There are 2 protein chains.
Amino acid sequence: MGNKTLTYGNVDMLVLKLLENQDMYGYQIIEQLEKQSQNVFSLSAGSLYPLLHNLEVKDYVDTYEGDNNSKTPGKKRKYYHITEKGKAYLAEKSKEWEQYSSAINSILFVEKGAAI
Amino acid sequence: MGNKTLTYGNVDMLVLKLLENQDMYGYQIIEQLEKQSQNVFSLSAGSLYPLLHNLEVKDYVDTYEGDNNSKTPGKKRKYYHITEKGKAYLAEKSKEWEQYSSAINSILFVEKGAAI
DNA sequence: TTGACAAATATCGGATTTCGATATATAATA
DNA sequence: TATTATATATCGAAATCCGATATTTGTCAA
């Protein structure tokens, strides 16, 4: 990431969220994440692919190979599709994120001298 | 923390924020953080003390020993006080947090099928 | 009075997560 | 034909946090 530690523990959630919207292949996820965050995040390939394998092992996604007749260069695309189990996990993590970020904000945005 | 990875990389910011409000000793920081986050965070001592030493090495805080005539048991309290350098660092990290969390939210809360 | 407990600080190794470097494959392009 | 862009993959290193453990010291109950 641009800032290394800022998405720690949340990348899987972000990836699953993108996949909830549509099936994607790895490289596409990297580009989409960068675009959709206005260049705040730029996930590296070395982070993404192990993470995707992990999501597959945990049955949060399943995969299929892309069209052979693709006219783009490079290795064959591998598409990822979120499972029901993945959706449930995503919902859980999203909820945790809301709770967590609001707790951070409740500490950051307390005025000096305010009663707590 | 209650949830292990959710505050990764942000604990120093939270601690400095508490110290911006008033000088505190370690144990007090743990209790205050728990209280002020409505029990969302519970920082462990094994996390806090190395972190405090690191903040001291970086000149983000300086320290002094508490009163000898304290009637509470336990080791002597060591108070931490935020420096100007620490305040500048806190401001920087807070800004990053705002940017980061809003980027996360912009990905999480996009409606299915919405144009991006 | 003495033993248990609570307050307070401290350190270490282990677990988790992410990144940079590197490798490989392949089609388009110059 | 060589280079570049696309695409997937793996590995070791770095950073951060926690659980377990240890130590000190004052209070309080038995």
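So you know, we letter chains A, B, ... as the sequences are listed, proteins then strands, and number each from 1. Remember, predicted model here, so these are calculated numbers, not experimental data. Any value given below was found using the heavy atoms of this structure, including those in side chains, with hydrogens, waters and symmetry copies removed.
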Find the distance B:Ile29:CD1 to C:dA7:P and express it as a whole number of Å. 17 Å
According to side-chain contact (heavy atoms from CB on, under 4.5 Å), who are the partners of A:Asn54, at least two apart in sequence or on a separate chain? A:Lys58
Between P of C:dA6 and CD of B:Glu31, the distance in whole Å: 14 Å
Ignoring hydrogens and geometry beyond distance, is the side chain of A:Tyr8 in donor-acceptor contact with the base of C:dT16 at under 3.5 Å? yes
Measure NZ/A:Lys58 against C1'/C:dT16 and give the value in whole Å, please. 10 Å
Every protein N/O lying under 3.5 Å from an N/O of nucleotides 22-25 of chain C:
{"unit_1": "C:dT24", "atom_1": "O2", "unit_2": "A:Lys75", "atom_2": "NZ", "d": "3.4"}

Set of residues satisfying ring pair (Phe, Tyr, Trp, His ring centres under 6.0 Å) with respect to B:Tyr60, sequence neighbours excluded: B:Tyr89
Partner set under ring pair (Phe, Tyr, Trp, His ring centres under 6.0 Å) for A:Tyr79, not counting sequence neighbours: A:Tyr25, A:Tyr64
With respect to the phosphate group of C:dA7, does any side-chain polar atom (N or O) of B:Lys76 fall under 4.0 Å of OP1 or OP2? no
Ignoring hydrogens and geometry beyond distance, is a side-chain donor-acceptor pair present between A:Asn10 and B:Tyr100 at under 3.5 Å? yes
With sequence neighbours excluded, tell me which residues meet salt bridge (charged side-chain N to carboxylate O under 4.0 Å, His left out) with A:Lys78. none
Return the value, rounded to whole Å, for the distance between atom CD of A:Gln28 and atom C1' of D:dA7. 12 Å
With a 3.5 Å cut-off and heavy atoms only, can you find an N or O donor on one side and an acceptor on the other between the side chain of A:Tyr25 and the base of D:dA7? no
When the distance from CZ of A:Arg77 to C1' of D:dA9 is rounded to whole Å, what number comes out? 17 Å
Shortest non-hydrogen separation from B:Asp12 to B:Leu51 and the atoms involved: N-CD1, 3.9 Å
Pairing residues for A:Lys75 by the side-chain hydrogen bond (donor to acceptor under 3.5 Å, both in side chains) criterion, not counting sequence neighbours: none
Protein-nucleotides 1-5 of chain C N/O pairs under 3.5 Å:
none

Please name all residues satisfying side-chain hydrogen bond (donor to acceptor under 3.5 Å, both in side chains) with A:Tyr49, sequence neighbours left out, ordered by chain then number. none
Side-chain N or O of A:Thr72 less than 4.0 angstrom from OP1 or OP2 on C:dT26? no
A:Leu52 CG to D:dA9 P, in whole Å, measures 8 Å
Take the protein atom CG of A:Asn10 and the nucleotide atom P of C:dT18, then report the distance between them rounded to whole Å. 8 Å
Contacts of type side-chain hydrogen bond (donor to acceptor under 3.5 Å, both in side chains), residue A:His53, not counting sequence neighbours: none
Value in whole Å for how far the P atom of D:dG26 lies from OH of B:Tyr27: 17 Å
Would you please name every residue forming a side-chain hydrogen bond (donor to acceptor under 3.5 Å, both in side chains) with B:Asp59, sequence neighbours left out? none
What nucleic acid atoms does A:Tyr80 come within less than 4.0 Å of, heavy atoms only: base, sugar-phosphate, or nothing? sugar-phosphate
Calculate, to the nearest 0.5 Å, the distance between atoms CD1 and CD belonging to A:Ile30 and A:Gln32 respectively. 12.0 Å
Answer yes or no: is there a donor N or O on one side and an acceptor on the other, between the side chain of B:Lys93 and the main chain of B:Gly9, under 3.5 Å? yes
Taking only nitrogen or oxygen atoms into account, show me every contact under 3.5 Å that the protein makes with nucleotides 10-13 of chain D, one pair per line with its distance.
{"unit_1": "D:dT10", "atom_1": "OP2", "unit_2": "A:His53", "atom_2": "NE2", "d": "3.4"}

